[in-house]
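One structure is given here, and the rest of the page talks about it.
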Amino acid sequence: MAESAKWYVAHTYSGYENAVKTAIEKFVANRHLEDMIFDIRIPLETVTEVTDAGEVKEVERKVFPGYVLVKMIMTDDTWHLIRNIRGVTGFVGSANSPIPLTEEEVLALGMEKHEIEVHYRVGDQVKITDGPLASFLGTVDEIDAEKNKVCVVVSMFGRETPVELELDQVEVVEQ
């Protein structure tokens, strides 16, 4: 069943996001709906602010005020449960059929991370498997797993050129 769960966006009154999230979590726990509603999030970003007094402080700010993201299996029951929570005005989509976020939108929001196993290290010989440089060979110069990036030095036109790729765009060359 979990494979059919998708991220939906619930519209709330401004300032009610935390109350809506808490209410959904309570309903899920009380009605044992953990197998239908999996995750509730309010996307936040950390921003550095300078106050009038010149103090620098970091604050968390809502990325999308007035919206709560819910990963759930959409049924009539779950739709009614979320829709009838105080502070929720509806779902993003048409009146009775919410539109789920696409995989690309979920990844862009950073809601879910896909783990990529890296089978190479700095200094290893690799082959580029995807993109305009597919089938080029190079040497791993740098790996940044948090940003999903690898820097590979390839020889193009007789020059060593560093190329930044995603971790899953290269594979180890067996020697």
Side-chain angles (χ1 to χ4, degrees), residues 1-12 17-18 20-21 24-25 34-74 91-93 98-175:
M1 274 303 256
E3 293 84 42
S4 61
K6 299 201 182 317
W7 284 99
Y8 293 90
V9 182
H11 188 266
T12 68
E17 301 90 354
N18 293 333
V20 167
K21 179 180 188 245
I24 294 170
E25 288 169 344
E34 292 87 358
D35 58 336
M36 297 297 283
I37 300 175
F38 300 95
D39 200 357
I40 303 107
R41 297 217 190 144
I42 303 167
L44 300 170
E45 64 182 347
T46 304
V47 180
T48 304
E49 287 185 349
V50 180
T51 62
D52 295 335
E55 294 178 21
V56 176
K57 62 179 182 178
E58 288 193 351
V59 293
E60 283 196 331
R61 201 178 276 158
K62 293 178 181 81
V63 178
F64 305 111
Y67 294 95
V68 175
L69 294 133
V70 183
K71 185 173 187 175
M72 60 192 258
I73 297 171
M74 185 59 71
F91 281 99
V92 171
I99 299 172
L101 295 175
T102 63
E103 278 297 313
E104 292 78 27
E105 291 168 329
V106 171
L107 290 172
L109 290 171
M111 302 301 288
E112 294 180 351
K113 299 251 188 270
H114 292 291
E115 289 292 318
I116 297 173
E117 282 190 33
V118 178
H119 299 289
Y120 48 84
R121 298 188 306 265
V122 173
D124 283 356
Q125 191 77 18
V126 293
K127 177 182 176 184
I128 300 173
T129 59
D130 189 28
L133 300 176
S135 79
F136 270 71
L137 297 177
T139 306
V140 177
D141 188 43
E142 187 180 326
I143 299 173
D144 188 344
E146 283 189 23
K147 292 183 180 172
N148 190 34
K149 299 288 180 193
V150 59
C151 184
V152 177
V153 177
V154 296
S155 180
M156 291 190 330
F157 311 113
R159 299 183 107 156
E160 297 289 304
T161 307
V163 180
E164 191 174 270
L165 302 161
E166 292 188 11
L167 293 174
D168 60 350
Q169 287 183 293
V170 298
E171 64 184 26
V172 177
V173 174
E174 299 299 325
Q175 301 188 7

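Note that this is a predicted model, so its numbers are computed, not measured.
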Are [X] and [Y] side-chain neighbours, meaning at least one heavy-atom pair lies under 4.5 Å?
X	Y	result
Glu160	Val154	no
Ile99	Tyr8	no
Pro43	Leu69	yes
Thr129	Val170	no

field: With Glu171 via side-chain hydrogen bond (donor to acceptor under 3.5 Å, both in side chains) - residues at least two apart
entry: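 For Glu171 there are no side-chain hydrogen bond (donor to acceptor under 3.5 Å, both in side chains) partners, ignoring immediate neighbours.
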Could you tell me which residues satisfy side-chain contact (heavy atoms from CB on, under 4.5 Å) with [X], sequence neighbours excluded, listed by chain and number?
X	result
Thr48	Val56, Glu58
Glu25	Lys21, Ile40
Leu137	Gln125, Lys127, Val173
Gln169	Asp130, Leu165, Glu166

query: Which heavy-atom pair separates Phe136 from Ser155 by the least distance, and what is that distance?
result: CE2-O, 4.2 Å
message: Testing the basics here: between Thr12 and Glu17, what is the closest heavy-atom pair and its distance to 0.1 Å?
response: OG1-CG, 3.8 Å
field: Any pair counted as ring pair (Phe, Tyr, Trp, His ring centres under 6.0 Å), so long as it reaches residues 42-73, sequence neighbours left out
entry: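 Passing the test, one end in residues 42-73: His11-Tyr67.
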Rounded distance (nearest 0.5 Å) linking atom [atom1] of [X] with atom [atom2] of [Y]:
X	Y	atom1	atom2	result
Ile42	Leu44	CD1	CG	6.5 Å
Met74	Lys6	CE	NZ	11.0 Å
Glu60	Lys62	CD	NZ	10.0 Å
Arg41	Lys71	CZ	NZ	8.5 Å
Ile73	Met36	CD1	CE	5.0 Å
Ile24	Asp39	CD1	CG	11.0 Å

message: Ile143 vs Leu167, test: side-chain contact (heavy atoms from CB on, under 4.5 Å). Steps then yes/no.
response: CA-CA 8 Å; Ile143 299 173; Leu167 293 174; 4.0 Å; yes
- request: Decide yes or no on side-chain contact (heavy atoms from CB on, under 4.5 Å) for Thr139 and Val152, but give the supporting numbers first.
  value: CA-CA 5 Å; Thr139 306; Val152 177; 5.8 Å; no
